[in-house]
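Quantities reported herein were computed from a predicted structural model and do not represent experimental measurements.
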Amino acid sequence: MYEFDWNVIYDARHLLLKGMITTLEITAVAIVAGIILGTLLALARLNDSKTFLGKSIALLAKSYVNLFRSIPLIMVLLWFYLIVPGLLRNLLDDPTLDIRFLSALIGFTLFEAAFYSEIIRSGIQSISKGQINASYALGFTKLQTMRIVVLPQAFRKMIPILLTQAIILFQDTSLVYVIGLSDFFSTAYKVGDRDGRLVELILFAGFVYFIICFIASKLVRRLSRKVRLS
């Protein structure tokens with residue numbers, strides 16, 4: 001019968017903590033950059049310009065979103081891992097630079113931006129036309145209306161959905177193992193494989209992911225109720 005030895009987790013605590021920091025860094029950067037890029041994509045898709053440039057921008061944004069929403073994340077990570085190192089080596093001459101980390105940041109940001117874009121587009125469309133027309137009547141420009149009236153309300157409504165997407169993103173970061181980056185899951189797997197204690201480390205990693213995602217989900221649910229009541 002298999003005998004568990006949980007001491008291996010304590011012995012590897014520094015490596016596991018370092019892996020978790022990498023996981024959280026990727027998650028945080030992809031959330032912030034993804035929301036910024038996603039907002040620009042959403043605005044590009046919603047622009048009602050009849051000019052050739054306006055239509056082209058909307059078409060490009062739509063194509064981008066459809067492309068990234070149609071391919072698996074693991075494939076995107078591999079693509080950027082194959083493309084980004086070559087580009088960075090031509091631009092930078094820093095042997096200490098962790099190309100895998102930068103590839104993961106870029107891949108996750110571009111992938112998540114497509115999903116955030118659709119969430120934000122729905123949020124913007126949920127704002128009533130009456131408020132927009134009232135803003136125009138008060139003399140606001142289209143940009144001012146979007147910045148002062150529409151986006152603040154839309155983001156307030158979207159907070160629960162954006163945070164739910166962030167939880168999914170946190171779970172998805174474990175896919176960076178395909179490019180050899182040592183995030184929390186990869187580190188747990190490597191330590192378990194090295195010490196012959198794979199069962200303990202995989203169970204521990206699953207437990208940590210469950211606790212973090214469970215608590216985050218509870219907080220999102222509580223926040224959703226507050227947003228609905230306010």
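- Under the 3.5 Å distance criterion, the side-chain polar atoms of R197 are left unmatched by any main-chain donor or acceptor of V8.
- In this pair, Y64 and F68 present their aromatic rings tilted. The plane angle is within the 30 to 60° band.
- Both L15 and W6 belong to a common hydrophobic cluster when Ile, Leu, Val, Met, Phe, Trp and Tyr are linked at side-chain heavy-atom distances under 4.5 angstrom.
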Self-check item: Evaluation steps, side-chain contact (heavy atoms from CB on, under 4.5 Å), between W79 and I71
Solution: CA-CA 11 Å; W79 281 355; I71 52 180; 3.4 Å; yes

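- Within 6.0 Å of CZ on F101 lie more than 12 heavy atoms contributed by other residues, nucleotides or ligands.
- Following chains of ILVMFWY side-chain contacts shorter than 4.5 Å, one cannot reach V150 starting from L40, and the two form parts of different hydrophobic clusters.
- Side-chain atoms of K55 and S49 form no donor-acceptor pair, as typed in the model, at a separation below 3.5 Å.
- Taking each heavy atom of F184 and A205 in turn, the nearest pair found is CE2-CA, 3.7 Å.
- Heavy-atom minimum distance, K190 versus S182: NZ-OG, 2.8 Å.
- Connection of L73 to V29 is established within a shared hydrophobic cluster, with ILVMFWY side chains joined at heavy-atom distances below 4.5 Å, either directly or through further cluster members.
- D183 and S186 form a side-chain donor-acceptor contact under 3.5 Å, judged by distance and modelled atom types alone.
- Taking each heavy atom of K142 and D48 in turn, the nearest pair found is NZ-OD1, 3.0 Å.
- A donor-acceptor pair under 3.5 Å is absent between the side-chain atoms of E112 and the main chain of G34, judged by distance alone.
- In this structure, N47 contributes its side chain and A44 its backbone to a donor-acceptor pair below 3.5 Å.
- Few gaps surround OH on Y136; more than 12 heavy atoms of other groups in view lie less than 6.0 Å from it.
- With Y116 as reference, I31 is the one residue of I31, L41, V65, I161 to meet the side chain to side chain contact (heavy atoms under 4.5 Å, CB included) rule.
- Side-chain contact check for L43 versus I124: some heavy-atom pair is nearer than 4.5 Å.
- Two residues are said to be in side-chain contact when any heavy atoms from C-beta on lie closer than 4.5 Å; I99 and S103 meet this criterion.
- One hydrophobic cluster holds both F4 and I202 under the rule that ILVMFWY side chains link at heavy-atom gaps under 4.5 Å.
- Of all heavy-atom pairs spanning S224 and P160, the tightest one is OG-CB, 3.0 Å.
- Residues F155 and T39 are in side-chain contact: their nearest non-hydrogen atoms beyond the backbone lie under 4.5 Å apart.
- Separating the CG atom in L169 from the CD1 atom in I26 is a distance of 9.0 Å, to the nearest 0.5 Å.
- Atom CZ of residue R121 and atom CZ of residue R45 lie 4.0 Å apart, to the nearest 0.5 angstrom.
- Residues Q171 and C213 are in side-chain contact: their nearest non-hydrogen atoms beyond the backbone lie under 4.5 Å apart.
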Practice problem: List the steps and the verdict of side-chain contact (heavy atoms from CB on, under 4.5 Å) for S217 and I167. | Solution: CA-CA 8 Å; S217 298; I167 294 172; 3.8 Å; yes

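- Proximity of F204 to E200: side-chain heavy atoms (C-beta onward) are nowhere separated by under 4.5 Å.
- Between the side chain of Q153 and the backbone N or O of V149, at least one donor-acceptor pair lies under 3.5 Å.
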Quiz item: Can K157 and S126 be said to form a side-chain contact (heavy atoms from CB on, under 4.5 Å), step by step?
Solution: CA-CA 9 Å; K157 287 184 176 181; S126 71; 3.6 Å; yes

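- Q144 places a side-chain N or O within donor-acceptor distance of the main-chain N or O of T141, the cut-off being under 3.5 Å.
- Note that OG1 of T187 and OH of Y177 are 14.5 Å apart. Values are rounded to the nearest 0.5 Å.
- Clustering ILVMFWY residues whenever any of their side-chain heavy atoms sit less than 4.5 angstrom apart, transitively, puts L201 in a cluster other than the one holding F207.
- In terms of heavy-atom proximity, I179 sits nearest to A104 at CD1-CB, 4.1 Å.
- Using modelled atom types, no side-chain atom of D193 and backbone atom of Y189 make a donor-acceptor pair closer than 3.5 Å.
- In this structure, OG1 on T23 lies 8.5 Å from CD1 on I212, to the nearest 0.5 angstrom.
- Between I127 and A154, the shortest heavy-atom distance links the atoms CD1-N, 3.9 Å.
- Atom-to-atom distance recorded for L82:CG and L77:CG is 11.0 Å, nearest 0.5 angstrom.
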Practice problem: Mind running side-chain contact (heavy atoms from CB on, under 4.5 Å) on Y81 and V178 for me, showing each step along the way? | Solution: CA-CA 9 Å; Y81 179 59; V178 297; over 6 Å; no

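- In this structure, R69 forms a cation-pi arrangement with F115, its terminal cationic atom sitting closer than 6.0 Å to the ring centre and no more than 45° off the ring axis.
- To the nearest 0.5 Å, the span separating CZ on F80 from OG1 on T109 amounts to 9.5 Å.
- Residues meeting the ring-ring contact (aromatic ring centres under 6.0 Å, His included) test with F170, sequence neighbours left out: Y209.
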